[in-house]
J.: 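One structure follows; several queries about it will come next.
Values below: every heavy atom of this structure, side chains too, minus hydrogens, waters and symmetry copies. Note that ligands are numbered from 1 as they come in the structure, with each ligand's atoms numbered from 1 the same way.
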Amino acid sequence: MGIDLPLLLSLFEDLVLVRECEERIRREYASDEMKTPVHLGIGGEALAVGVKHALPQGASYFATYRNHAIYLTLSQDTDTFFAEMYGKVTGCGKGKAGSMHLSCPDKGLIATSAVVGTTIPVAVGAAFASRYQDSSKYTCVFFGDGATEEGAFWESVNFASLHRLPILFVCEDNELAIHTFRHERQGYQSLSSIVETFDIPFQAAEGWNVEEVYKGATKVLAEGKEKGGPAFLHLPYHRFLEHVGPAEDYNAGYRPRPDRMETLFDPILKAKEKLISLGANEAQLEAIRNRILTKIEASIQKAKAAPFPQAEELYTDVFAESLQTLSHEEKAALFPMSHLATPSEEKPYHA
Ligand SMILES: Cc1ncc(C[n+]2csc(CCOP(=O)(O)OP(=O)(O)O)c2C)c(N)n1
Ligand SMILES: [Mg+2]
């Protein structure tokens with residue numbers, strides 16, 4: 001099963017969009033105007049890009065704090081992306097979400113979270129709703145290899161398997177949970193043997209090769225569909241930068257810089273080589289990159305000029321808003337185990 005030039009060009013365009021947005025964050029970050037922590041996915045762009053292009057239109061997505069690639073691939077919206085990085089009202093979370101909680105429900109990205117593993121059961125709930133409502137809506141959830149050590153992961157896989165839910169589990173495997181390698185964290189032999197025990201089709205693909213990711217996702221989706229249940233995609237990749245922040249960290253002492261790192265693990269270089277072999281030329285690829293750089297520059301300028309949210313908006317669009325509307329007695333009934341401040345003890349918030 002090959003992949004043709006027009007499809008690979010559109011995959012390449014998304015890879016470059018994600019890479020250049022993150023490279024721009026790296027350059028801007030030192031000015032300390034972006035107050036949000038950033039978990040950059042350089043080296044892992046092909047995961048979201050390849051999977052998104054393989055999934056049916058209209059699918060719902062859930063992901064982690066390392067979510068820039070899926071947000072940008074789905075929304076194509078650099079204005080709302082950079083505005084959120086700068087904490088501005090024009091951001092996708094009105095300046096209150098930050099990098100770790102990007103979403104664009106209208107384009108399919110329902111939720112992302114800083115708390116490891118949390119979106120997995122929520123995604124399974126969305127897939128259960130599809131099954132329950134006889135809808136054809138498909139769900140996809142991205143999570144790191146570290147999340148597979150959590151109970152929520154096992155319960156989710158079990159429930160999805162038992163109820164034959166229409167969901168694709170995608171493990172973004174950089175072998176690391178912050179600085180700790182898999183062999184120091186996991187007692188089981190392999191993810192594939194475990195997932196297959198649940199009778200879920202399993203496919204691994206090289207995460208640095210967008211073509212392989214696309215083909216792996218397409219294949220395992222078809223197998224899941226044939227079985228009438230979930231599917232699982234395992235995507236190893238190399239994280240080029242530190243866990244959080246804009247820099248490389250090969251001098252930190254916990255991992256060496258791989259020899260020929262870019263040649264082996266850079267998804268953009270790989271896609272470029274393949275495109276040239278299919279007949280694309282350098283100038284054409286450079287024109288794609290230049291178009292994206294122009295779009296990013298305009299978004300950065302707009303984001304910097306936009307206002308911050310007002311202090312009065314602190315409790316709007318957040319869970320705390322609904323609590324605000326409750327009386328003290330209603331709150332106490334909701335949280336019977338906690339000591340809640342009485343109104344006279346409550347301290348007003350001053351921005
Ligand atoms: C429930 C929970 N436990 C611990 C943390 C602290 N923490 C933040 S990132 C991280 C590592 C997660 O690794 P992985 O799931 O592989 O994702 P990666 O950062 O490699 O993409 C941990 C333990 C957290 N955010 N949430
Ligand atoms: Mg990891």
Side-chain angles (χ1 to χ4, degrees), residues 18-19 21-22 25-26 29 36-52 61-73 97-103 109 111-125 140-157 168-188 190-192 194-195 204-208 213 232-250 252 254-258 261 265-267 319:
V18 177
R19 170 69 57 89
C21 284
E22 291 205 324
I25 291 174
R26 293 184 72 196
Y29 211 66
T36 176
V38 285
H39 298 76
L40 301 180
I42 291 183
E45 296 89 346
L47 279 48
V49 171
V51 168
K52 183 259 163 181
Y61 295 81
F62 295 80
T64 74
Y65 45 82
R66 211 178 291 288
N67 57 35
H68 296 171
I70 191 63
Y71 180 81
L72 289 163
T73 308
S99 158
M100 297 193 284
H101 298 97
L102 300 182
S103 66
L109 184 57
T112 62
S113 172
V115 188
V116 173
T118 33
T119 48
I120 309 174
V122 181
V124 167
C140 173
V141 59
F142 293 89
F143 48 87
D145 51 305
T148 67
E149 288 132 42
E150 291 196 3
F153 167 76
W154 298 93
E155 292 177 37
S156 300
V157 169
L168 177 66
F169 293 98
V170 184
C171 180
E172 305 175 314
D173 188 354
N174 52 23
E175 290 198 46
L176 286 165
I178 309 183
H179 300 146
T180 310
F181 279 92
R182 184 175 41 214
H183 63 88
E184 296 174 74
R185 313 182 327 246
Q186 297 178 355
Y188 53 88
S190 78
L191 207 48
S192 63
I194 283 150
V195 171
E206 293 172 341
W208 46 88
V213 174
F232 199 106
L233 188 61
H234 180 214
L235 300 176
Y237 77 101
H238 183 73
R239 189 185 82 202
F240 280 37
L241 303 179
E242 57 192 332
H243 168 71
V244 54
E248 284 197 355
D249 67 349
Y250 297 106
Y254 71 95
R255 60 172 184 164
R257 191 181 210 277
M261 181 172 84
F265 298 124
D266 184 340
F319 177 63

J.: Just by distance, do the side chain of H68 and the backbone of V18 share a donor-acceptor pair under 3.5 Å?
T.: no

J.: Working to the nearest 0.5 Å, report the span between OG1 of T36 and CG of L102.
T.: 8.0 Å

J.: Any non-hydrogen side-chain atom of M261 less than 4.5 Å from a side-chain atom of E248?
T.: yes

J.: Return the set of protein N, O or S atoms whose distance to the Mg ion (ligand 2) is under 2.8 Å, each given as residue and atom.
T.: D145 OD1, N174 OD1, L176 O

J.: Which protein residues come within less than 4.0 angstrom of ligand 1, counting heavy atoms only?
T.: Y65, R66, A114, V115, V116, G144, D145, G146, A147, E150, N174, L176, A177, I178, H243

J.: Could you report the tightest heavy-atom contact between G146 and A177, atom names first, then the distance?
T.: CA-CB, 4.4 Å

J.: Can you name the residues that form a ring-ring contact (aromatic ring centres under 6.0 Å, His included) with H39, not counting sequence neighbours?
T.: Y65, H243

J.: I'd like to check L176 versus Y254 (side-chain heavy atoms, cut-off strictly below 4.5 Å). Are they in contact?
T.: yes

J.: Side-chain contact, heavy-atom cut-off 4.5 Å: L47 with V170?
T.: no

J.: Would you check if the distance from the ring center of F240 to the ring center of H238 is below 6.0 Å?
T.: yes

J.: Output all residues satisfying side chain to side chain contact (heavy atoms under 4.5 Å, CB included) with Q186, sequence neighbours left out; order by chain, then residue number.
T.: T148, E149, R182, Y188

